[in-house]
Amino acid sequence: MSIAVTLPDGNQLSLPDGATGADAAAAIGPGLARAALAVRVSHPEAGEQSQLRDLSSPLPDGAQIAIITAKSGQEALALIRHDAAHVLATAVMELYPGVKISIGPAIEGGFYYDFDFPEGVSLSEEAFPEIEARMREHIAAGEPFTRTDVPVPKARERFVAEGQDYKVELIDDLVAAAEPDSPLRSVSLYENGPFTDLCRGPHAPSTAAIGAFALQSVAGAYWRGDPSRRMLTRIYGTAFFSKKDLAEHLRLLEEARARDHRRLGRELGLFAFSEISPGSPFWKPAGMVIFNELTELWRAENRARGYREVRTPIIYDVELWKRSGHWEKYKDNMYFADVDGRPMGLKPMNCPAHIELYKDERHSYRDLPVRYSEAGIVHRHEPSGVLHGLLRVRHITQDDAHIFCTEEQVTDEVVACLRFGFFMYEIFGFEPRLELSTRPEKRIGTDEMWDRAERALAGALESEGLAYELNPGDGAFYGPKIDLHMTDSIGRSWQLGTVQLDYSMPERFEISYTGADNAEHRPVMIHRALLGSFERFVGILIEHYAGRLPLWLAPSQALVLTISERAAAYGGQVAQSLRDAGLRVQLDDRSESLGRKVRDAELSRAPYMLVVGEQEAQAGTVAVRRRDGHQESGVHLDELIERLLGEVAARR
RNA sequence: GCCGGAGUAGCUCAGCUGGCCAGAGCACCUGUCUUGUAAACAGGGGGCCACGGGUUCGAAUCCCGUCUCCGGCUCCA
């Protein structure tokens, strides 16, 4: 008996019945046999999805296979990172008797393992060298990973006996999750050296595959992500096939940290934070330039699309929040004040304010859609642990807008919002990720309303041919939403824009418009912010550009650097001419060397340095140095101004 | 909010097994230098050692509490 498998190059390989991935690799060549880590098996004819398996697993007849080696990219890295998680657990169990283990997957960029340490034991990063040393011993020993499939009761018994409660719970949940017609009979255990773990696999043949690793940080994490459950200790690490790759990875992380907007914000004098008002940025003059340029862009583009700008109060009688439903759901995250004995609350949202405006006039169907925009200042008492520079603040300036429209206008309006959003993001070269979030458990409104709203949003996305992720249960309490997400310098995802459909607020506030039939009808409300908040958007911008903002956004667009005191007067004239042309220019006529001035200018990330000495004064020119180091001498002032203005206008 | 870590000059950090007037570099000020594309030289000023309490003859250093920040987790209208 023999089986045949197909290799990635299309060739058939004939193997004895029961042959494994390791046998296949050996049949292809001894080099591959040594390098093989796992095997990818797919069997489309048998209706089987492509699956990564242990090398020791027997291959099915007729399958397509690919041997995974260190050169297989992310897939191979994820494999050894998962291996490394097991080795981490091995070391921790040896060093901390009585520790309970939970789960330890590979994640983007590395791996983690969650532990429950015995009472009174807490782990800090100081323990890493000892744990790493123990891990290295297990890796050097090249301990094989061996898989055993064990009947459920036997596996459960084993973990009960060992006091590994989390593993017992995992087994029980696996049993409960199995389809009734195919109950779970066995689970797989993987053994490496002294350690055995409940694990689906696969793993590399031995711990020796882990070429280089590092433990990175320790953090708390709720068991199963549930804040009502116990908090476990999570150890993060990463692993690579070579020390060189690990070093390169750590270097890139270090570089990313240099782009952190909190650091750049301080270094470039853009904004500050103070203990006196946690979570609320203090914008400095340079940062305010960016904020204002964005505001101008926002205002002009809104106007061009039929939005009318409004401005509403920040403090309201709490009755408003009770009526809107915010009180019920968010009162713990709102700020309140007693005003002459009258309870008032700072707005956490602008929508009820815009509803007040809408209600101040009567509306005909001919007026719709009514589009109000506001750079609305809202306050949300975000939990202390989530504050993060400009990316998560308590004082938020939203680029908010509310559209009141008829049912028939909904799709067109949502599509217009999405196109508007993409238009704005394109200016910065952003490629946002889209998410559609549907009805949450805690919500207001009827199921029919939710059905309609969700269909409308999905329809708009599909009509635009946009790819999106579905986020069930993540919608706002009054309606489903489409969110636009961006990633920061170290890969954390942040929501920027949002388009939310709302049939509930109009109902609660009983707003209406007069239809063609002369009867009163309920409008639909669209809540939307495209940048999200100016604060968060600026934070993402700073990291995206690593502080080197395009000319139109740069707080100082050009610095005039004088070579000596003899050029000071001419330098002043140059600076003034550029300012007269509407550019933001500063003069550096300090008694310092040119080298020093160039260095300081480079560190300030100013796009242009204009060097002037006696030669330039004579000729009426400047020597232009761009922040990328490119130099050009003898540029006439008029030409320079024209060029810079062109660049500003193009928002490059 | 939860777990862990940290708060010393404007910034980055040293000092912290308790005891010499609390230090360095950068920044800042003054003077000299008059500079041709990433750091001239010299001198000087600057600190409720986060805040409150405790232990001690004595606390930046040890203990407790509070606040803030950092890394995660949960949350994010």
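In what follows, every chain begins at residue 1, and chains take the letters A, B, ... in the order their sequences are listed. Excluded from the calculations below are hydrogen atoms, water molecules and symmetry mates; all remaining heavy atoms, backbone and side chain alike, are included.
Taking only side-chain nitrogens and oxygens, A:R590 never comes nearer than 4.0 Å to OP1 or OP2 of B:U35. Proximity of A:H388 to the phosphate of B:C76: no side-chain N or O atom is located under 4.0 Å from OP1 or OP2. Applying the 4.0 Å criterion to OP1 and OP2 of B:U35, one finds that A:R566 has a side-chain N or O inside that range. The shortest distance between the side-chain N/O atoms of A:S384 and the OP1/OP2 oxygens of B:G1 is below 4.0 Å. For A:S593, a side-chain nitrogen or oxygen approaches OP1 or OP2 of B:A40 to under 4.0 Å.
Looking at A:Y222, its side chain has no donor and acceptor atom pair within 3.5 Å of the base of B:G72. In this model, no side-chain donor or acceptor of A:R596 finds a partner on the base of B:A39 within 3.5 Å. Donor-acceptor pairing under 3.5 Å, judged by distance alone, is present between the side chain of A:S591 and the base of B:C33. Between the side chain of A:E616 and the base of B:G36, at least one donor-acceptor pair of N or O atoms lies under 3.5 Å.
Heavy atoms of A:R230 sit nowhere under 4.0 angstrom from any nucleic acid atom. Using a 4.0 Å heavy-atom cutoff across all strands shown, A:P278 reaches sugar-phosphate atoms only and no base atom. A:P383 comes within contact range of at least one nucleobase, with a heavy-atom separation under 4.0 Å. Note on A:A601: nothing from the nucleic acid sits closer than 4.0 angstrom, heavy atoms only. In this structure, A:Q500 reaches the sugar-phosphate backbone alone: every heavy-atom distance under 4.0 Å involves primed, P, OP1 or OP2 atoms, never a base. Backbone-only contact: A:R234 has heavy atoms under 4.0 Å from sugar-phosphate atoms and none from a base. Nucleic acid contact class of A:N333 (heavy atoms, under 4.0 Å, all strands): base. Residue contacts for A:G595: at a heavy-atom cut-off of 4.0 Å it reaches the sugar-phosphate backbone alone, with no base atom in range. In this structure, A:R380 reaches the bases: a heavy-atom distance under 4.0 Å links it to at least one base atom across the strands shown. At a threshold of 4.0 angstrom between heavy atoms, the contacts of A:A219 include nucleobase atoms, whether or not backbone atoms are also involved. Note on A:R392: a base of the nucleic acid sits closer than 4.0 angstrom, heavy atoms only. Across all strands shown, A:R229 has no heavy atoms under 4.0 Å from either base or sugar-phosphate atoms. A:K481 comes within 4.0 angstrom of the backbone, heavy atoms only, and of no base. When heavy atoms are screened at a 4.0 angstrom cut-off, A:F273 is found touching no nucleic acid atom at all.
Remark: C1' of B:A6 and CD of A:E126 are 12 Å apart, rounded to the nearest angstrom. Between A:D600 atom CG and B:A27 atom P there is a gap of 8 Å when expressed in whole angstrom units. When the P atom of B:A39 is taken as reference, atom CE of A:M609 falls 13 Å away, rounded to whole Å. Atom CG in A:N471 sits about 11 Å away from atom P in B:C76, given to the nearest Å. Atom CG of A:D116 is separated from atom C1' of B:C2 by 14 Å (rounded to the nearest Å).
Nucleotide B:G4 has B:C70 as its partner under the Watson-Crick or G-U criteria, with both atom distances under 3.5 Å. Base pairing of B:U61 is not made with any nucleotide, judged by Watson-Crick or G-U wobble geometry with both donor-acceptor distances under 3.5 Å. With a cut-off of 3.5 Å on both Watson-Crick or G-U wobble distances, the partner of B:C41 is given as B:G31. Using Watson-Crick or G-U wobble geometry with both donor-acceptor distances under 3.5 Å, B:C26 finds its partner in B:G10.
When each of A:I377, A:I396, A:T397 is tested with A:S533 by the rule side-chain contact (heavy atoms from CB on, under 4.5 Å), just one qualifies, namely A:I396.
When the C1' atom is compared between B:C69 and B:U8, the two are found 15 Å apart, to the nearest whole Å. One P atom belongs to B:A22, the other to B:A39, and the distance between them is 36 Å to the nearest Å. Comparing B:G47 with B:C11, their P atoms sit 14 Å apart, to the nearest whole Å. B:A14 and B:A9 have their C1' atoms separated by 13 Å, given to the nearest Å. Between B:C28 and B:G10, the two P atoms lie 14 Å apart (nearest whole Å). Across B:U61 and B:C48, the matching P atoms stand 16 Å from one another, rounded to whole Å. If you take atom P in B:U34 and the same atom in B:C51, they sit 47 Å apart, rounded to whole Å. The same atom, C1', is picked in B:C64 and in B:A77; the two are 39 Å apart, to the nearest Å.
Remark: A:R371 is not positioned above the aromatic ring of A:F404, lacking an NZ or CZ atom under 6.0 angstrom from the ring centre and at most 45 degrees off the axis. Cation-pi geometry between A:R234 and A:Y112 is met: under 6.0 angstrom from the ring centre, within 45 degrees of the axis. For the pair A:R81 and A:Y236, the cation-pi test (distance below 6.0 Å, angle within 45°) is failed.
Among the nucleotides B:G1, B:G36, B:C76, the one closest to any side-chain atom of A:V386 is B:G1. Distances from the side chain of A:P227 to the nucleotides B:U74, B:U68, B:U37 place B:U74 closest. Among the nucleotides B:U74, B:U37, B:G4, the one closest to any side-chain atom of A:V598 is B:U37. Side-chain proximity of A:R262 to the nucleotides B:C70, B:A77, B:C73 is greatest for B:C70. Set against B:U34, B:A38, B:G72, the side chain of A:E565 has B:U34 as its closest nucleotide.
Note on ring orientation: taking the six-membered ring where Trp is involved, the planes of A:H388 and A:H261 are tilted (angle from 30° to 60°).
Closest-nucleotide positions on RNA chain B for A:G389 and A:Y478 were compared, and the one nearer the 5' end corresponds to A:G389.
Between A:R311 and A:E374 there is no salt bridge, since no side-chain N of the basic residue sits under 4.0 Å from a carboxylate O of the acidic one. Classification of A:E254 and A:R259 as a salt-bridged pair fails, no side-chain N sitting under 4.0 Å from a carboxylate O. By the 4.0 Å N-to-carboxylate-O rule, A:E632 lies too far from A:R626 to be salt-bridged with it.
Applying the 5.5 angstrom centroid cut-off and the 30 degree plane-angle cut-off, the aromatic ring of A:F477 is not stacked upon the base of B:A77.
The nearest pair of heavy atoms linking A:G269 to A:K284 is O-CB, 3.3 Å.
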